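On a predicted model such as this, the values are computed, not experimentally measured, just so you know.
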Amino acid sequence: SSGFTTELHNFSPYNQVTGVFFSMDVSDRFTLGFSSGTGANPEEIEKLQTSMETWVAPAEFGFHTQYKVFVRQDMSVSIGLHDIIFENDASEGLRLDPKQLSFFAAVGSEKEFGSYRISTYMGFGTGGFSSSSSAIGATADTEIDTTADEQGMGAGAFAGVLLNTPYMPKWGGIDFVGEFDGSGLNVGLRIPLTSDYRLGLGFTHIENLPDFSEKYSAKHPGIILNFT
């Protein structure tokens with residue numbers, strides 16, 4: 001599967017994170033993915049419009065792998081490495097940040113309840129799954145908790161659920177998605193446009209929605225639009 005996404009963080013002036021992604025099942029157990037994105041402007045809201053005139057969004061690209069080490073009936077256990085991210089730093093050029101590496105292990109399950117199908121997962125991981133993980137475009141003054149960075153790679157738990165519904169069954173049904181990614185709550189809706197294409201709508205860090213009008217930071221809430 002492949003697609004592109006936009007994460008809106010301010011309407012006036014316009015501030016966003018953009019990205020593209022690709023993933024493929026190399027086998028029935030091994031998945032490989034690639035993503036690339038550009039960051040949002042972390043400047044104060046009052047200075048954002050002026051800053052946009054000279055702003056050069058930071059870019060990064062990364063690789064992601066996942067392998068199911070155990071599969072039995074409707075349950076599976078997976079391990080993987082996400083966020084093998086290379087950043088295009090203005091002063092240092094292309095560099096790999098080891099603190100963003102996200103090693104993880106997760107348990108997943110799939111159940112059917114009549115016309116509904118629910119997939120759940122929970123696990124534990126490092127890097128991006130830590131509550132202190134950073135966001136693309138964030139800087140040292142964007143109110144990120146740096147305790148884990150000072151001590152080394154952080155770690156945390158994550159969990160999620162995907163509910164496939166019988167609405168629009170001809171094209172696979174509408175999906176409701178919710179997750180805790182280690183640093184915040186995200187919710188979304190995936191609407192089938194055809195049997196092959198889906199439109200995604202959602203919110204990141206909904207626990208911080210009252211702060212939407214504030215400047216961009218690692219845990220700033222965003223409005224997600226994507227196409228897969």
Side-chain angles (χ1 to χ4, degrees), residues 1-5 7 17-39 58-72 74-89 92-110 119-138 144-162 177-186 188 190 200 202 204-205 218-219 222 224 226 228:
S1 63
S2 61
F4 59 86
T5 184
E7 186 174 328
V17 172
T18 60
V20 295
F21 54 89
F22 167 82
S23 67
M24 63 178 294
D25 293 326
V26 180
S27 68
D28 58 348
R29 292 198 176 198
F30 182 65
T31 301
L32 178 66
F34 168 82
S35 63
S36 178
T38 58
E60 64 181 33
F61 64 91
F63 300 91
H64 320 276
T65 64
Q66 181 171 333
Y67 181 74
K68 293 181 179 179
V69 296
F70 175 82
V71 178
R72 184 170 185 179
D74 58 4
M75 189 187 77
S76 65
V77 177
S78 300
I79 59 174
L81 174 59
H82 284 188
D83 301 330
I84 311 171
I85 292 177
F86 294 87
E87 299 176 332
N88 185 16
D89 188 89
E92 301 179 23
L94 195 64
R95 64 184 180 89
L96 173 67
D97 185 357
K99 290 191 175 75
Q100 292 195 42
L101 295 176
S102 302
F103 297 93
F104 70 91
V107 177
S109 176
E110 294 185 7
S119 301
T120 59
Y121 64 87
M122 62 178 58
F124 185 82
T126 64
F129 297 112
S130 167
S131 61
S132 62
S133 61
S134 61
I136 180 173
I144 300 173
D145 180 5
T146 59
T147 303
D149 288 339
E150 294 170 354
Q151 298 176 346
M153 186 180 294
F158 60 91
V161 58
L162 185 151
V177 183
E179 67 172 8
F180 172 71
D181 62 6
S183 62
L185 296 172
N186 312 315
R190 298 196 305 190
T204 61
H205 287 288
K219 296 183 179 181
I224 293 285
N226 62 47
T228 59

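Counted by atom type alone, Ser23 and His64 present zero donor-acceptor pairs between their side chains at under 3.5 Å. Counting only N and O atoms by type, the side chains of Thr120 and Ser109 include no donor and acceptor under 3.5 Å apart.
Ring centroids of Phe63 and Phe34 are separated by less than 6.0 Å, placing the two rings close together.
Pairing each heavy atom of Ser183 with each of Ser130, the nearest pair is CB-O, 3.8 Å. The minimum heavy-atom distance between Ile85 and Gln100, with the atom names listed, is CD1-OE1, 3.3 Å. Between Ser2 and Phe22, the shortest heavy-atom distance links the atoms CB-CD1, 4.0 Å. The two residues Phe158 and Ala105 make their nearest non-hydrogen contact at CZ-O, 4.0 Å. When all heavy atoms of Ala218 and His205 are compared, the pair lying nearest together is O-NE2, 3.9 Å. Closest approach of Tyr121 and Val161 over heavy atoms only: CE2-N, 4.4 Å.
Remark: side-chain polar atoms of Thr204 are paired, donor with acceptor, to backbone N or O of Gly222 under 3.5 angstrom. In this structure, the side chain of Ser78 does not engage the main chain of Gln66 through any donor-acceptor pair within 3.5 Å. Here the side chain of Thr126 pairs a donor or acceptor atom with the backbone of Phe103 at under 3.5 angstrom. With hydrogens and angles disregarded, a donor-acceptor distance shorter than 3.5 Å links the side chain of Asn226 to the backbone of Gly200.
The only member of Phe21, Phe61, Phe4, Phe86 that meets side-chain contact (heavy atoms from CB on, under 4.5 Å) when paired with Ser36 is Phe61.
With rounding to the nearest 0.5 Å, the separation of CD in Glu87 from CD in Glu60 is 5.5 Å. Interatomic distance, Ile224 CD1 to Glu7 CD, rounded to the nearest 0.5 Å: 3.5 Å.
Residues Thr65 and Phe30 form a side-chain contact, since some pair of their non-hydrogen atoms from C-beta on lies under 4.5 Å apart. The side-chain heavy atoms of Arg190 and Leu162, taken from C-beta on, include a pair separated by under 4.5 Å.
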message: One pair to check against side chain to side chain contact (heavy atoms under 4.5 Å, CB included): Thr5 and Thr18. What are the steps and the verdict?
response: CA-CA 6 Å; Thr5 184; Thr18 60; over 6 Å; no
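A search for salt bridge (Lys or Arg N to Asp or Glu O under 4.0 Å) contacts involving Asp25 returns nothing, not counting sequence neighbours.
Between Phe129 and Phe104, the ring planes are perpendicular. Angles over 60° get that label, and only those under 30° would be called parallel.
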